[in-house]
Amino acid sequence: MLSILDGLNDNQKEAVTHIKGPLLIIAGPGTGKTLTIIRRILYLIHTGIKLHEIVGLTFTNRAGQEMRERIDPYLEKNGEGLFLGTFHMFGLNILRKYYNRDFRLIERKEQIEILRSLTDGTLKKAQEQLNYISKIKNLYETSSMKDSIFLKYEEILKNKNALDIDDLIIKAMELIRTCDKVRTDISRLRHILIDEYQDINPLQYEFIRSLYSLTENICAVGDLDQAIYTFRGADIEHFLNFEKDFKGAKTLFLKDNYRSSKVIVHASQFLIKHNKKRVEHPLEPISLECSNKIRVITVNNEYEEAKIVVKEIENRMGATTHYSLAQNDFRGLWDSNYRFSDFAVLFRTNNQADIIRDAFIDSGIPYQLIKDVFYEEINEIEDRLKTYINEPDREKTLSHILDYAFGVTAKEELLGIKRNLFLAYRNFPVEIALKKILDELYLFKSADAFNINVNAVSLMTIHMSKGLEFKVVFITGFEEGLIPYSLARGEKDIEEERRLFYVGMTRAKDELFLLCSEKRHIHGTEKETKKSRFFYEIPEKFLESTYISKKDKQKKKPKQQSLF
DNA sequence: AAATTAGCCCTTTTT
DNA sequence: GGGCTAATTT
């Protein structure tokens with residue numbers, strides 16, 4: 001009991017021990033959100049709640065996995081019975097148990113094929129219609145579910161005994177609502193925890209409500225200031241309405257930031273306060289040290305921008321060139337207080353990555369470019385798996401397939417799934433066991449995207465950086481057109497862009513660099529740029545601006561002459 | 001059927 | 001500028 005609350009601050013303790021009725025925990029960046037959730041689960045268990053009476057829902061496998069890893073050591077039998085994972089995995093579990101054991105999960109590629117057959121055959125139209133159907137499902141627009149294209153698509157899926165990824169939630173919810181057996185099973189649940197509540201979409205909301213009607217206990221954790229996915233259907237109104245939605249709800253704030261320096265916390269707070277649509281809540285740095293100012297560096301072009309990033313990293317690592325060749329030379333690495341993995345370079349759009357990556361290749365600094373490589377990877381896996389089909393021993397073949405498919409992702413929590421798949425498909429023809437195994441692999445699409453154990457500088461979009469932290473963060477392209485992005489027009493869009501930039505800023509623990517290039521190639525043509533409007537929303541006292549430009553000297557000369 | 005050319009549009013992205 | 005696709009040529 002004492003140890004469960006050990007090391008927690010007062011806000012966190014309250015969040016852990018308030019276990020009756022609905023609770024909203026507003027957890028700003030770096031406030032110990034995951035720790036609090038974990039301790040809360042341990043506390044629930046301590047009060048006599050059983051593992052199988054708790055369900056924790058996350059948006060990404062990464063988040064679910066992180067919690068799993070951190071909580072399992074404290075639990076008997078490796079936490080068996082406690083569900084911690086994505087909405088989709090939770091839905092899948094219900095469906096496999098009660099719906100139809102051998103339905104197939106179809107992936108985007110096949111969805112497109114189906115819609116091609118239903119429309120004029122062009123990819124463009126098919127994509128358009130797929131987005132439309134997915135939107136209907138995720139916004140849970142029941143009235144549009146009578147549209148002819150929707151019905152035709154559903155009919156084909158039904159004939160194929162297939163579900164799409166959105167159906168994992170929809171069909172599971174329908175079962176919960178209509179099937180007594182499932183209701184009985186679900187009603188064993190007593191506590192629902194939902195992470196990242198600000199990014200919930202209407203479908204997920206409906207799903208939660210269905211669960212809540214049976215459990216009466218809900219704990220939502222999130223931070224409106226970090227809502228960056230409204231563009232794909234997340235609705236921040238759910239967060240704003242939590243107290244109205246769930247009778248008797250209590251709201252708590254975690255207000256101590258353990259992650260970032262004083263300057264970074266204060267500067268980012270000044271920025272985010274420009275948003276009108278938000279819940280005001282305090283956020284204070286624990287750190288009292290007088291820290292470095294945020295460095296705003298203006299350079300001539302995007303190549304210079306990349307060079308500056310590399311140079312600043314080299315300065316901190318102590319060594320000079322070609323680390324990959326210098327494995328026996330420990331001097332630089334040994335002296336440094338930094339590891340390469342302490343640095344992150346963030347950008348708004350993926351096409352900014354190339355120039356930055358090239359600069360890293362030139363310098364020899366190890367880097368990991370974090371993006372959705374899984375699609376390419378899975379095609380490779382597919383090809384490789386097909387070569388196993390001809391082997392005579394079926395069980396052996398299946399085992400090979402699973403080894404290969406899951407070996408690539410190499411995640412501990414996949415081992416159980418691997419075993420289950422083996423048992424389930426042991427008696428199926430190999431080809432069928434194969435479109436199914438791949439199907440389930442798709443659910444783990446981005447599980448490998450970021451590897452925290454690799455000692456390399458991380459390069460990624462700001463979106464991908466959510467939930468991560470680094471000693472030193474470089475945000476590149478700090479210009480109008482990129483931050484905020486040019487397509488963001490209305491107040492609502494700009495506020496989301498501001499939140500995105502806020503997420504980027506608050507990834508930094510010690511040092512934050514904002515890089516601004518005077519010129520940049522946009523769709524091939526060079527354009528003059530302006531500093532981001534967000535620059536002017538951060539008080540000057542937090543900033544240290546530097547101007548590095550090749551034109552520098554030429555510009556200054558005429559100015560001086562004019563003085564005489 | 002393969003090869004070439006002309007036209008198009010350009011975010012962010014999980015499951 | 002370049003990746004993708006549809007249209008056109010060979």
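In what follows, every chain begins at residue 1, and chains take the letters A, B, ... in the order their sequences are listed.
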Student: Could you verify whether a donor N or O on one side chain and an acceptor N or O on the other, from A/Tyr98 and A/Asp185, lie under 3.5 Å apart?
Tutor: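 The answer is yes; a qualifying pair exists.
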
Student: Can you check the A/Phe87 CZ to B/dT14 P distance for me, whole Å?
Tutor: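 Going from A/Phe87 (CZ) to B/dT14 (P), I get 16 Å.
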
Student: When we call it a touch if two heavy atoms are under 4.0 Å apart, what does A/Phe59 touch: a base, just sugar-phosphate, or nothing?
Tutor: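 Sugar-phosphate, backbone atoms only, no base.
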
Student: Just jot down the side-chain hydrogen bond (donor to acceptor under 3.5 Å, both in side chains) partners of A/Glu80, sequence neighbours excluded, or say none.
Tutor: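 For A/Glu80, no residue satisfies side-chain hydrogen bond (donor to acceptor under 3.5 Å, both in side chains) once neighbours in sequence are set aside.
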
Student: Residues in side-chain hydrogen bond (donor to acceptor under 3.5 Å, both in side chains) with A/Gln226, at least two apart?
Tutor: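 With neighbours one apart ignored, the set is A/Asp223, A/Arg507.
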
Student: Taking only the side-chain heavy atoms of A/Thr60 (C-beta and beyond), determine which of B/dT11, B/dT13, B/dT14 contains the nearest atom.
Tutor: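 My answer, after comparing the listed nucleotides, is B/dT14.
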
Student: Could you state the CD-P distance from A/Glu496 to B/dT12, rounded to the nearest angstrom?
Tutor: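 Distance, rounded to whole Å: 14 Å.
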
Student: Where does the chain A footprint on DNA chain C start and end, counting 5' to 3' with a 4.0 Å heavy-atom cut-off?
Tutor: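 Counting from the 5' end, contacts occupy C/dG1 to C/dA6.
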
Student: Hey, can you tell me if A/Phe90 and A/Phe207 have their rings parallel, tilted or perpendicular (30° and 60° cut-offs)?
Tutor: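 Because their plane-to-plane angle is over 60°, the rings of A/Phe90 and A/Phe207 count as perpendicular.
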
Student: Using the P atoms only, state how far B/dT12 lies from C/dG3, rounded to an integer number of Å.
Tutor: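 Between the two P atoms, the distance is 15 Å.
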
Student: At under 4.0 Å, does any side-chain N or O of A/Thr461 touch on OP1 or OP2 of B/dT13?
Tutor: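 Answer yes for this pair, as a side-chain N or O of A/Thr461 is under 4.0 Å from OP1 or OP2.
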
Student: Which residues pass the side-chain hydrogen bond (donor to acceptor under 3.5 Å, both in side chains) test with A/Tyr485, sequence neighbours left out?
Tutor: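 Per chain and number, A/Tyr485 pairs via side-chain hydrogen bond (donor to acceptor under 3.5 Å, both in side chains) with no residue.
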
Student: Between P on B/dT14 and CG on A/Asp195, what's the gap in Å once rounded to a whole number?
Tutor: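 Result: 16 Å.
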
Student: Base of B/dT12 relative to its sugar, syn (within 90° of 0) or anti?
Tutor: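 Classified anti.
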
Student: Only counting residues at least two apart or in another chain, list the ones meeting ring-ring contact (aromatic ring centres under 6.0 Å, His included) with A/Phe501.
Tutor: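 ring-ring contact (aromatic ring centres under 6.0 Å, His included) list for A/Phe501, sorted by chain: A/Phe478, A/Phe534.
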
Student: Side chains of A/Glu196 and A/Gln198 only: does a donor on one sit below 3.5 Å from an acceptor on the other?
Tutor: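 Result is yes, a qualifying pair exists.
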
Student: Residues in side-chain hydrogen bond (donor to acceptor under 3.5 Å, both in side chains) with A/Asn275, at least two apart?
Tutor: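 Only A/Arg498 meet the side-chain hydrogen bond (donor to acceptor under 3.5 Å, both in side chains) criterion with A/Asn275.
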
Student: Using whole Å, what does the distance between atom C1' of nucleotide B/dT13 and atom CG of A/Asn61 come to?
Tutor: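 Rounding to the nearest Å, CG of A/Asn61 and C1' of B/dT13 are 14 Å apart.
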
Student: Would you call A/Lys277 and A/Glu237 a salt bridge, taking side-chain N to carboxylate O under 4.0 Å as the test?
Tutor: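 Salt bridge: yes.
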
Student: Going by 5.5 Å between centroids and 30° between planes, is there a stack of A/Tyr229 over B/dT12?
Tutor: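 Not stacked: fails the 5.5 Å / 30° test.
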
Student: Measure CD1/A/Ile522 against C1'/B/dT11 and give the value in whole Å, please.
Tutor: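 Rounded to the whole Å, the gap is 12 Å.
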
Student: What is the separation between atom CG on A/Leu482 and atom P on B/dT12, rounded to the nearest whole Å?
Tutor: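 Rounding to the nearest Å, CG of A/Leu482 and P of B/dT12 are 11 Å apart.
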
Student: I'd like to compare against my own output: the B/S/- annotation of nucleotides 5-10 of chain B with a strict under-4.0 Å heavy-atom distance to protein.
Tutor: -----B

Student: Output all residues satisfying salt bridge (charged side-chain N to carboxylate O under 4.0 Å, His left out) with A/Arg40, sequence neighbours left out; order by chain, then residue number.
Tutor: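 For A/Arg40, no residue satisfies salt bridge (charged side-chain N to carboxylate O under 4.0 Å, His left out) once neighbours in sequence are set aside.
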
Student: Which whole-number value in Å describes the distance from A/Phe501 CZ to B/dT12 C1'?
Tutor: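 Roughly 16 Å, once rounded to whole Å.
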
Student: Mind checking what makes salt bridge (charged side-chain N to carboxylate O under 4.0 Å, His left out) contact with A/Lys171, not counting sequence neighbours?
Tutor: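 With sequence neighbours excluded, A/Lys171 shows a salt bridge (charged side-chain N to carboxylate O under 4.0 Å, His left out) to A/Glu154, given in chain and number order.
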
Student: Any idea how A/Phe59 and A/Phe87 line up, ring-wise: parallel (<30°), tilted (30 to 60°), or perpendicular (>60°)?
Tutor: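 The rings of A/Phe59 and A/Phe87 sit tilted, inter-plane angle from 30° to 60°.
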
Student: Applying salt bridge (charged side-chain N to carboxylate O under 4.0 Å, His left out), name anything that partners A/Lys492, two or more places apart in sequence or on another chain.
Tutor: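 A/Lys492 satisfies salt bridge (charged side-chain N to carboxylate O under 4.0 Å, His left out) with no residue once adjacent residues are dropped.
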
Student: Output yes when a side-chain donor or acceptor of A/Ser260 lies under 3.5 Å from a complementary backbone atom of A/Ala508, and no otherwise.
Tutor: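 Side chain of A/Ser260 to backbone of A/Ala508, a donor-acceptor pair under 3.5 Å: yes, one is there.
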
Student: Taking Watson-Crick and G-U wobble pairs with both distances under 3.5 Å, convert DNA chain C into its dot-bracket string, 5' to 3', dots for unpaired and | for cross-strand pairs.
Tutor: ||||||||||

Student: Which residues within residues 345-354 of chain A lie with some heavy atom under 4.0 Å of an atom in DNA chain B?
Tutor: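 The answer is A/Arg348, A/Thr349, A/Asn350.
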
Student: In whole Å, what is the span from the CZ atom of A/Arg499 to the C1' atom of B/dT12?
Tutor: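 From A/Arg499 CZ to B/dT12 C1': 13 Å.
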
